[in-house]
Enquirer: 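Pasting a structure below so you can have a look.
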Amino acid sequence: MTYTVEEGCIACDSCRPECPTGAIKVRTDEEGYWIDPTLCDRCEDVEVPRCVEACTIGSLAPLKPKKGRNKSTLLPAAIPTIFLNGKTTPFASSMVVWEACNVLAQRQSLPWQADANHCLSYQRSIHRGRGNMQFRLATNPELANGLPVDYDQGLATLAQADIRAACLHLIFASYATTTDRPWDEPFILNDQHIEQYLGLAKRKDLAKLEKLTLIKALVYQACQLLVSLDWPRQGKVQGFALAEHSVWQLLHTQYYFETDDDGGRHLIGLSFTIQAGVWAKYFLNRQDYRKQTAFYQYGTLPQSLLLEVMGRWQQHEGAMRLLLWLVFKLRLGTDHRMTVRTLLRIAYGEDRLTEAITVRGAHKRLLKTFENDLEALYHYGLRPQFDPETYGPAIQPLWARVADIPDDADDALEFWTDDANSALSLTDRAPRDKWQRLLNARLLGFELSDDWQQTVRQPKTKRRRQPKSIPHPVDTFSSDAIKAARQQLNLSQRALAERLGKSQSWIRDVENGRFSIGACDRALLQDVLGLA
């Protein structure tokens with residue numbers, strides 16, 4: 001169990017420097033310290049926690065688990081802001097968001113290098129080398145101008161990173177589309193929002209503190225990315241360069257505690273205030289997009305994708321990497337040809353692909369894993385479309401050919417009869433050169449599920465046919481009729497006013513339709529203008 005600071009602490013600051021995780025923090029509301037339970041690991045490598053050993057007055061004690069439900073009126077209401085239809089939501093899908101998602105999903109599989117300052121760096125050229133993006137990791141995402149981590153520490157950070165942080169990244173990208181100026185307008189979401197979006201609310205096997213610890217870790221990983229841009233001119237949008245800044249800036253983390261009868265403070269909720277980086281001013285700018293001086297690039301994010309990643313990231317991590325990549329690649333409804341070599345690199349990294357190509361026999365396990373991951377995408381709802389020329393039935397996965405077996409018994413018997421008489425049977429072994437042919441094969445795209453086929457564009461509302469209007473009798477004393485009669489007699493407003501004994505402003509107001517004409521005035525107009 002985690003530890004807590006009890007009453008009687010004299011704030012001698014003897015325990016805080018000894019904490020290896022930085023869980024002991026200074027209280028802002030009053031004098032003393034408090035322990036962040038999401039960071040406290042109880043110093044499992046030693047028998048006595050370091051903070052307890054350093055405390056001279058014994059004000060540190062284990063925090064007993066809280067009994068009962070962990071809901072409180074202190075927590076703000078978790079009103080959903082995205083996925084309002086229960087299935088999809090708009091999200092920012094620019095190249096910056098896409099590549100940041102790849103960094104969080106592929107992590108150490110990407111070609112990271114040490115830059116001139118010996119910091120961990122990943123660079124991606126854009127527009128055929130005319131531009132460049134560089135990503136680095138911040139040492140502390142809570143700092144506005146956090147320094148990037150060095151190479152060795154960065155590699156250790158990547159090794160502990162979680163692919164589920166990419167789901168938080170996509171949620172942030174969805175929230176960014178809910179404001180007009182996301183680079184200036186922060187958004188707030190709490191742990192209950194995230195539990196709803198990711199399906200964690202149904203996880204009864206996780207305690208409340210375990211959920212909060214996981215949510216905070218994923219949020220911090222998503223906010224740890226730093227990006228710098230050198231973007232070339234594209235169409236009418238001029239080129240620009242952006243200095244290094246956070247993709248998602250974590251402005252504030254709010255902790256919600258509840259005190260039990262024994263005085264123990266239990267963490268019951270978290271709230272995060274997040275703001276998009278400066279990149280959003282160039283890629284998510286509605287106002288300047290109309291002026292053709294900036295971009296507004298967005299797509300549709302299915303909530304089923306987040307639930308799939310959260311549920312199957314351990315069994316099929318390669319498939320989940322492809323799923324996160326395809327949500328940008330396919331643009332939800334557009335078919336794209338893609339080579340199997342590209343899919344292998346996205347799912348498993350360049351190093352593992354090179355090993356499978358160069359080391360004898362290493363390709364067998366990778367081939368089996370790839371076909372299982374394709375099957376996972378198929379069962380999710382994305383059915384791969386094999387190119388008949390390069391990805392024929394001879395090298396297709398067995399599950400893809402078995403999927404064509406009819407459910408009806410008579411049709412299935414006919415299928416197996418034809419299969420036995422065909423040149424290529426389902427029971428035949430794969431050709432010896434399957435791996436080499438697979439490296440040169442390609443997919444025509446994916447047959448999308450219903451959720452992925454939805455677009456963010458609202459359907460055009462059909463205009464109702466107006467009923468044919470019944471012609472009304474023409475009002476001979478309307479403002480237009482009076483004006484036309486006056487002009488036909490070549491009378492000015494002043495001359496007409498003198499004949500009627502009225503003011504010129506009265507004539508002007510009548511012709512402008514500002515007030516109706518009485519019975520006496522109608523008689524005068526009829527005599528002077530000859531109106532019937």
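In this chain, residues are counted from 1 in sequence order. Side-chain atoms are counted along with the backbone in the values below, which use heavy atoms only and exclude waters and symmetry mates.
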Enquirer: Is Ser246 close to Cys223 at the side-chain level, that is, under 4.5 Å between some pair of heavy atoms?
Expert: no
Enquirer: May I ask you to test the Tyr33-Asp13 pair for a side-chain heavy-atom distance under 4.5 Å?
Expert: yes
Enquirer: Any luck finding a side-chain donor-acceptor pair between Tyr380 and Ser304 under 3.5 Å?
Expert: yes
Enquirer: Taking the side chain as every heavy atom from C-beta outward, state whether Leu306 and Phe83 have any atom pair closer than 4.5 Å.
Expert: yes
Enquirer: Determine yes or no for a side-chain-to-main-chain donor-acceptor pair under 3.5 angstrom, with Arg16 supplying the side chain and Ile24 the backbone.
Expert: no
Enquirer: Under a 3.5 Å distance rule, please check whether Asp162 uses its side chain to pair with a backbone N or O of Ala165 as donor and acceptor.
Expert: no
Enquirer: According to salt bridge (charged side-chain N to carboxylate O under 4.0 Å, His left out), who are the partners of Glu99, at least two apart in sequence or on a separate chain?
Expert: Arg124
Enquirer: Does Gln249 reach the main-chain N or O of Gly277 with its side chain, forming a donor-acceptor pair under 3.5 Å?
Expert: no
Enquirer: Is the backbone N or O of Leu251 less than 3.5 Å from a side-chain atom of Thr273, with the two atoms forming a donor-acceptor pair by type?
Expert: no
Enquirer: State whether a side-chain donor-acceptor pair under 3.5 Å links Asp288 with Tyr282.
Expert: no
Enquirer: Between Arg233 (side chain only) and Gly235 (backbone N and O only), is there a donor and an acceptor less than 3.5 Å apart?
Expert: yes
Enquirer: On the 0 to 90° scale, with breaks at 30° and 60°, tag the His193-Tyr197 ring pair as parallel, tilted or perpendicular.
Expert: parallel
Enquirer: With distance as the sole test, does Glu210 use its side chain to make a donor-acceptor pair with the main-chain N or O of Ala207 at under 3.5 Å?
Expert: yes
Enquirer: Contact between Gln134 and Val227 at the side-chain level, heavy atoms closer than 4.5 Å - yes or no?
Expert: no
Enquirer: Roughly how far apart are Ile126 CD1 and Gln234 CD, rounded to 0.5 Å?
Expert: 8.5 Å
Enquirer: Relative to the ring of Phe257, is the ring of Tyr255 parallel (under 30°), tilted (30 to 60°) or perpendicular (over 60°)?
Expert: parallel
Enquirer: Between Trp399 and Asn372, is any pair of side-chain heavy atoms under 4.5 Å apart?
Expert: no
Enquirer: Side chains of Tyr256 and Leu270: closer than 4.5 Å at any heavy-atom pair?
Expert: no
Enquirer: I'd like to know whether Leu158 forms a side-chain contact (heavy atoms from CB on, under 4.5 Å) with Leu120, so could you lay out the CA-CA distance, the side-chain angles of the two residues, the decisive distance to 0.1 Å, and finally the verdict.
Expert: CA-CA 10 Å; Leu158 288 176; Leu120 188 70; 3.6 Å; yes
Enquirer: For atom OH of Tyr289, decide whether the heavy atoms of other residues, nucleotides or ligands shown that lie under 6.0 angstrom number more than 12.
Expert: no
Enquirer: Going from CG on Leu214 to CG on Leu209, what distance comes out if it is rounded to the nearest 0.5 angstrom?
Expert: 11.0 Å
Enquirer: Ignoring hydrogens and geometry, is there a side-chain-to-backbone donor-acceptor pair from His118 to Tyr151 under 3.5 Å?
Expert: no
Enquirer: For a salt bridge (charged side-chain N to carboxylate O under 4.0 Å, His left out) with Glu317, tell me which candidate from Arg107, Arg312, Arg164 qualifies.
Expert: Arg107
Enquirer: Using 0.5 Å steps for rounding, measure from the CZ atom of Arg50 to the CG atom of Asp45.
Expert: 4.0 Å
Enquirer: Quick check: closest heavy atoms across Gln153 and Asp150, and the distance to 0.1 Å?
Expert: N-OD1, 2.8 Å
Enquirer: So, for Leu307 and Gly199, which heavy atoms are closest and what is the spacing to 0.1 Å?
Expert: CD2-N, 3.6 Å
Enquirer: What verdict does the salt bridge (charged side-chain N to carboxylate O under 4.0 Å, His left out) test give for Asp36 and Lys25, after you've listed the backbone C-alpha separation in whole Å, the side-chain angles of each residue and the deciding distance to 0.1 Å?
Expert: CA-CA 7 Å; Asp36 186 352; Lys25 301 180 180 180; 3.4 Å; yes
Enquirer: Quick check on ring pair (Phe, Tyr, Trp, His ring centres under 6.0 Å): which of Trp231, Trp183, Trp248, Phe295 does Trp279 satisfy it with?
Expert: Trp248
Enquirer: Determine the interplanar angle of the Phe91 and Phe328 rings, folded into 0 to 90°, and report it as parallel if under 30°, tilted if 30 to 60°, perpendicular if over 60°.
Expert: perpendicular
Enquirer: For the CE atom of Met95 and the CE atom of Met133, what is their distance to the nearest 0.5 Å?
Expert: 6.0 Å
Enquirer: At what distance, to the nearest 0.5 angstrom, does CD of Glu371 lie from CG of Leu366?
Expert: 10.5 Å
Enquirer: With sequence neighbours left out, which residue pairs that include part of residues 343-357 fulfil the side chain to side chain donor-acceptor pair (under 3.5 Å) condition?
Expert: Tyr348-Asp373
Enquirer: Working to the nearest 0.5 angstrom, can you tell me the gap between Leu189 CG and Ser174 OG?
Expert: 11.0 Å
Enquirer: Which heavy atom of Pro90 sits nearest a heavy atom of Thr177, and at what distance?
Expert: O-OG1, 3.4 Å
Enquirer: Looking at Gln160 and Gln221, what are the two nearest heavy atoms and their distance?
Expert: O-NE2, 4.3 Å
Enquirer: In this structure, are over 12 heavy atoms from other groups packed under 6.0 Å from Arg365 atom CZ?
Expert: no
Enquirer: Would you mind reporting whether Thr4 and Pro37 have side-chain heavy atoms less than 4.5 Å apart?
Expert: no
Enquirer: Around atom CD of Gln287, are there more than 12 heavy atoms from other residues, nucleotides or ligands closer than 6.0 Å?
Expert: yes
Enquirer: So which atom in Ala54 and which in Glu18 form the shortest heavy-atom distance, rounded to 0.1 Å?
Expert: CB-CG, 3.8 Å
Enquirer: Keeping the roles fixed (side chain from Thr179, backbone from Tyr175), state whether a donor-acceptor pair exists under 3.5 Å.
Expert: no
Enquirer: Only one of Leu198, Ile274, Ile215 passes side-chain contact (heavy atoms from CB on, under 4.5 Å) with Leu168; say which it is.
Expert: Leu198
Enquirer: Between the main-chain N or O of Leu147 and the side-chain N or O of Thr139, is there a donor-acceptor pair closer than 3.5 Å?
Expert: yes
Enquirer: Go through the steps for Leu200 and Asp191 under the test side-chain contact (heavy atoms from CB on, under 4.5 Å), then give the verdict.
Expert: CA-CA 10 Å; Leu200 291 176; Asp191 61 284; over 6 Å; no
Enquirer: With side-chain contact (heavy atoms from CB on, under 4.5 Å) as the test, would you mind laying out the steps for Gln254 and Ile188 before giving the verdict?
Expert: CA-CA 10 Å; Gln254 180 69 40; Ile188 301 176; over 6 Å; no
Enquirer: Minimum heavy-atom separation for Glu308 and Ala376, please, with both atom names.
Expert: OE2-O, 4.5 Å
Enquirer: Under the side-chain contact (heavy atoms from CB on, under 4.5 Å) criterion, do Gln123 and Ser125 qualify, and how do the steps go?
Expert: CA-CA 7 Å; Gln123 296 194 18; Ser125 61; over 6 Å; no
Enquirer: Determine whether a donor-acceptor pair (N or O, by modelled atom type, separation under 3.5 Å) exists between the side chain of Lys216 and the backbone of Thr38.
Expert: no
Enquirer: For a 4.5 angstrom cut-off between non-hydrogen side-chain atoms, does Leu225 reach Leu137?
Expert: yes
